[in-house]
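Below, all heavy atoms of this structure are taken into account, side chains as well, without hydrogens, waters or symmetry copies.
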Amino acid sequence: MTLDKARELIRVQLSFGGGYNRNAVRLILAEISNQHGQPAVDQLIRELDLAESFGLTEGTDFSRVGR
């Protein structure tokens with residue numbers, strides 16, 4: 001998955017809000033972590049303010065989410 005596609009998908013989840021959408025974002029971040037590494041995940045968390053929206057913090061390892 002590209003970072004642009006991840007941004008697009010996360011923005012859709014942000015528009016819905018709620019707990020299930022938080023889990024969807026975690027799955028997206030897991031895929032980004034596996035393909036692009038932790039710096040890309042941290043960048044998306046900062047850029048899309050996921051700490052405020054879903055309580056997701058930089059440095060969290062999402063690589064094993066969904067496995």
Side-chain angles (χ1 to χ4, degrees):
M1 176 184 310
T2 67
L3 293 176
D4 288 336
K5 184 63 176 179
R7 280 184 196 93
E8 178 185 336
L9 293 172
I10 292 171
R11 285 186 179 118
V12 169
Q13 298 304 316
L14 285 168
S15 71
F16 296 139
Y20 290 114
N21 302 95
R22 179 182 187 270
N23 290 333
V25 169
R26 291 177 72 235
L27 289 170
I28 295 166
L29 293 176
E31 186 167 339
I32 292 300
S33 176
N34 291 330
Q35 291 181 3
H36 301 281
Q38 189 65 40
V41 171
D42 291 345
Q43 174 188 344
L44 288 171
I45 291 171
R46 275 191 310 275
E47 182 180 322
L48 299 171
D49 198 21
L50 298 178
E52 177 69 27
S53 302
F54 293 122
L56 303 175
T57 57
E58 292 180 50
T60 303
D61 179 15
F62 295 99
S63 65
R64 297 206 179 267
V65 171
R67 293 185 177 205

Can you list everything that forms a side chain to side chain donor-acceptor pair (under 3.5 Å) with [X]? Sequence neighbours excluded, please.
X     : value
Glu8  : none
Arg46 : Glu58
Asp49 : none
Thr57 : Thr60

Measure the spacing between [atom1] of [X] and [atom2] of [Y] and express it to the nearest 0.5 Å.
X     : Y     : atom1 : atom2 : value
Asp42 : Glu47 : CG    : CD    : 12.5 Å
Leu3  : Lys5  : CG    : NZ    : 13.0 Å
Ile10 : Ile45 : CD1   : CD1   : 8.5 Å

Tabulate below the donor-acceptor pairs under 3.5 Å that side-chain atoms of residues 13-21 make, not counting sequence neighbours, or state none.
| from | atom 1 | to | atom 2 | distance (Å) |
| --- | --- | --- | --- | --- |
| Gln13 | OE1 | Asn21 | ND2 | 2.6 |
| Ser15 | OG | Val12 | O | 2.5 |

**Q.** side chain to side chain contact (heavy atoms under 4.5 Å, CB included) between Gln43 and Arg7, intermediate numbers included
**A.** CA-CA 11 Å; Gln43 174 188 344; Arg7 280 184 196 93; 3.2 Å; yes

Check: Hey, are the side chains of Asn23 and Phe54 touching, using non-hydrogen atoms and a 4.5 Å cut-off?
Finding: no

Solution key, residues 26-34 side-chain donor-acceptor pairs under 3.5 Å, sequence neighbours excluded:
| from | atom 1 | to | atom 2 | distance (Å) |
| --- | --- | --- | --- | --- |
| Glu31 | OE2 | Gln35 | NE2 | 3.3 |
| Asn34 | ND2 | Ala30 | O | 3.2 |

- request: Answer yes or no: is there a donor N or O on one side and an acceptor on the other, between the side chain of His36 and the main chain of Thr2, under 3.5 Å?
  value: no

